[in-house]
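Throughout, a chain's letter reflects where its sequence line sits, starting with A, and its residues are numbered from 1.
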Amino acid sequence: MGLLSCPGFSSKPSLKLGLKAISFTPKNCSFPYFFHTRTHFIQTLQSCNDYVFATLTHAKILKHGLLNDTFTANHLINCYVRLQKAGQAYQLFDEMPEPNVVSYTSLMSGYVNMGKSQICLWVFREMRKGTVLPNEFTFATAVNACSMLADLKTGKQIHAHVQSFGFQCNLVVCSSLVDMYGKCNEVGLARRVFESMECKNVVSWTSMITACAQNGRGDEALGLFREFNWLAWEYPNQFMLASVITACANLGKLVSGKVTHGAVIRHGHDSNDVVASALVDMYAKCGCILYSDRLFRRVPNPSVIPYTSMIVAAGKHGLGKLSLELFEEMIARRIKPNGVTFVGVLHACSHSGLVDEGLEYLNSMSRKHGIVPEAKHYICVVDMLGRTGRLDEAYQLAKSTEVNNDEGAVLWGTLLSASRLHGRVEIAAEASKRLIESNQQVALAYVTLSNAYALAGQWENAQSLRTDMKRTGVYKEPGCSWVEIKDSTYVFHAGDVSGERGSDILSLLRELEGKMKERGYIGRLTGLVFIDVEEEAKEEMVGLHSEKLALAFGLINIPKGVTIRIMKNLRMCRDCHEAFKWISEITERDIVVRDVNRFHHFDKGLCTCRDFW
DNA sequence: CTAGGGTTAG
């Protein structure tokens, strides 16, 4: 046993005094001194929240010769784990003569809680080499490590393991499996585990709802929530509500969002930070930035999470200055920003044309805040430079950014959109090449590049790309928009004016355009440029066309006072936000604009930021 | 003694 190697007490003379030294007097000892039995040690360890105290207790346990006792040592491991002392926990574990399943599991959960899931899995593998058998706690922890890492392969292996050990009916193990599959974007597999469960509780329902909400299946999430409420076995808690609000946000369902907000208040979760953040985000995504602001201002002591949500919300609405003010306010309050906060700040700069400020913030990240910029930050900056037309800088930065395959797709897709927007064909070609090579967003790469060629008047190139696409069978799935009116959803496909009331819609759009012009808006709702090479090409060019159709459709059919929701393909920046505000005023209706697609529908048609700058 | 769920971005 490496007793003396444990830090904090190796040189303490009292060690040599032997057992007699245990009769401390209250005078020279500020902590409970009446340690005669194992139970006392354990009670002390369970309530111990101080590292020095833990070390002292460790020393005493050692003196009593209780360190070889697995039960006592396990408590000590847990104590170190609670104090985030991975090194101490591991050392102690390593010196145990007979670690049992609890020792292993405690250590594993310690690593997961400290964000070292990889090591957790290593401990698990080590355990499997020995004779100690895992139990349901061990599996839950190992699965949890896989979800943190989004490691589907290992997750599946452990799932198989779970079955061979007969834990496939365990509530907690299954909940963590549902969560793991959700985090790995495998909603189908999550659902399968969920359906197989004989008994479910609020946690397993939350895992399933979250799996849907985080994978673009908001409707399914809301359906599950409805089902859960209908069963009425348990009340939804703050975790579940936060996920449901996220689902509403992603669907642009303002009314459902408000209803959920009501449930939050009824169940007394309105003081919860994360719930408040989800609400701030939801209102912003549903177009109600004023509600976001009001809500945010009511959070008593906002942590980094509500601040970040609000920074992002303001940025989304083109209120870059407000985002930056919030950031500075946060710093002044000594709240530490995290990586996501900077994504929000950079994103806000990007969408308000605050390029120099944005670059300054990027530089300050590691210098002032000790956060090393990652690919996601560089992607924001590439976007920011690209939007303003500083394509060469954007390209240089993109080339020097280290990315994995997924990040690469976002990075080069961002650059591709920007170069198309500014007619930089050569950079567009390079970006498309990289996208196609990485085997991601291939159709988008083809279509966008082809459009870039077409815009630059290089028709042969545009045409040959189209031919290539046909030959290789690459197909761009057409996008669509939808508008929800009461209980019905009306779906529109791009460029489709052929509907029942197509001509009505067009004439109404012209009328609206006229009214907007009167108020000084210089954009156009109709008459977008078609560069018609193939049918799918239209989609790329007229992404917003369908919004306008949806909008017009709504205006024609809906009586006053009904909420119209228009979704898709729109990134809010100052000018388009204004435009919609005007439309909203003119028509006396709430208008909610939602972006459904994850990738690259920046600045189409109405939302051209160049005009603003 | 050890276990599961929530926010923010692209």
Side-chain angles (χ1 to χ4, degrees), chain A residues 42 45-46 70-79 81 100-110 112-113 134-144 147 167 170-180 182-183 201-211 213-214 236-246 249 269 272-282 284-285 303-313 315-316 337-348 350 374-380 382-383 406-407 409-411 413-414 571 595 598-600 602:
Chain A
I42 287 166
L45 286 170
Q46 278 177 326
T70 303
F71 196 82
T72 311
N74 283 348
H75 276 284
L76 195 49
I77 289 181
N78 277 311
C79 187
V81 159
N100 66 5
V101 59
V102 179
S103 327
Y104 277 101
T105 308
S106 302
L107 189 67
M108 282 166 62
S109 86
V112 176
N113 292 335
N135 64 11
E136 64 272 38
F137 293 83
T138 322
F139 280 116
T141 308
V143 171
N144 195 12
S147 27
F167 290 121
N170 180 274
L171 178 66
V172 177
V173 173
C174 284
S175 301
S176 55
L177 281 169
V178 170
D179 176 59
M180 183 273 292
K183 296 283 186 316
N201 66 2
V202 64
V203 179
S204 32
W205 280 91
T206 303
S207 301
M208 193 60 233
I209 290 174
T210 309
Q214 290 177 344
N237 60 17
Q238 65 272 38
F239 297 92
M240 184 178 274
L241 290 166
S243 270
V244 173
I245 293 161
T246 304
H269 296 303
N272 181 279
D273 243 30
V274 178
V275 172
S277 309
L279 284 167
V280 165
D281 176 59
M282 184 273 291
K285 283 184 176 156
S303 70
V304 61
I305 297 171
Y307 262 110
T308 303
S309 299
M310 194 58 219
I311 287 170
V312 170
K316 227 185 253 309
N338 60 26
V340 186
T341 315
F342 278 100
V343 172
V345 167
L346 294 171
H347 186 238
S350 172
E374 293 168 44
K376 58 189 175 187
H377 301 109
Y378 291 116
I379 291 167
C380 286
V382 166
D383 181 46
D406 288 353
E407 290 161 346
V410 180
L411 177 71
T414 302
R571 223 148 272 262
D595 175 0
R598 284 189 171 199
F599 294 98
H600 315 304
F602 306 146

task = Send over the distance from A/Q214 CD to B/dA9 P, rounded to a whole Å.
result = 12 Å

query = Taking the side chain of A/N78 as its heavy atoms from C-beta onward, which of B/dA3, B/dA9, B/dC1 lies nearest to it?
reply = B/dC1

inquiry  = From C-beta outward on A/A140, which listed nucleotide comes closest to its side chain: B/dG6, B/dA3, B/dT8?
reply    = B/dA3

remark   = Residues at least two apart in sequence or cross-chain that pass ring-ring contact (aromatic ring centres under 6.0 Å, His included) with A/F239, listed by chain then number, are none

ask   = Of the nucleotides B/dA9, B/dG5, B/dG4, which one has an atom closest to the side chain of A/V312?
value = B/dA9

remark   = In whole angstroms, the gap separating P of B/dT8 from NE2 of A/H377 amounts to 16 Å

Selected nucleotide, minimal atom distance to A/N100 side chain, candidates B/dG6, B/dC1, B/dA9 = B/dC1

ask   = B/dG4 base to A/S175 side chain: any donor-acceptor pair below 3.5 Å?
value = yes

task = Check every strand shown and say whether A/T246 touches a base, only sugar-phosphate, or nothing at a heavy-atom separation below 4.0 Å.
result = sugar-phosphate

key: Nucleotide of B/dA3, B/dG4, B/dG6 approaching A/V203 most closely (side-chain heavy atoms)   = B/dG4

ask   = Just by distance, do the side chain of A/H269 and the backbone of A/N237 share a donor-acceptor pair under 3.5 Å?
value = no

inquiry  = Under 4.0 Å, counting only non-hydrogen atoms across every strand here, what does A/N74 touch: a base, just sugar-phosphate, or nothing?
reply    = base

ask   = Is there a stack between A/F239 and B/dG6, judged by ring centres under 5.5 Å and planes under 30°?
value = no

message = I want to check one thing: is the phosphate of B/dT2, taken as OP1 and OP2, less than 4.0 Å away from some side-chain N or O of A/S109?
response = no

Expected output: side-chain A/T414 to main-chain A/V410 donor-acceptor under 3.5 Å = yes

ask   = Using a cut-off of less than 4.0 Å, is there contact between a side-chain N or O of A/K183 and OP1 or OP2 of B/dG4?
value = no

task = Would you classify A/D273 as touching base, sugar-phosphate or nothing, given that sugar-phosphate means primed atoms plus P, OP1 and OP2, and contacts are heavy atoms under 4.0 Å?
result = nothing

message = Quick check for you: among B/dG6, B/dA3, B/dG4, whose closest atom lies nearest to any side-chain atom of A/E136?
response = B/dA3

task = Could you please name the option among B/dA9, B/dA3, B/dG4 that lies closest to any side-chain atom of A/S176?
result = B/dG4

note = Regarding the side chain of A/V102, the nearest nucleotide among B/dC1, B/dA9, B/dG4 is B/dC1

key: Closest nucleotide among B/dT8, B/dT2, B/dG6 to the A/S309 side chain   = B/dT8

key: Base B/dG6 paired with A/N237 side chain (donor-acceptor, <3.5 Å)   = no

ask   = Going from OG on A/S109 to OH on A/Y104, what distance comes out if it is rounded to the nearest 0.5 angstrom?
value = 15.0 Å

message = Is A/N144 close enough to B/dG5 that one of its side-chain N or O atoms is under 4.0 Å from OP1 or OP2 there?
response = yes

task = Grab the CD1-P distance between A/I77 and B/dA3 for me, whole Å please.
result = 13 Å

query = Rounded to the Å, how far apart are A/F139 CZ and B/dG4 C1'?
reply = 15 Å

key: Rounded interatomic separation in angstrom, taking CG from A/D179 and P from B/dA3   = 16 Å

ask   = For A/L171, which contact category applies under a 4.0 Å heavy-atom criterion: base, sugar-phosphate, or nothing?
value = base

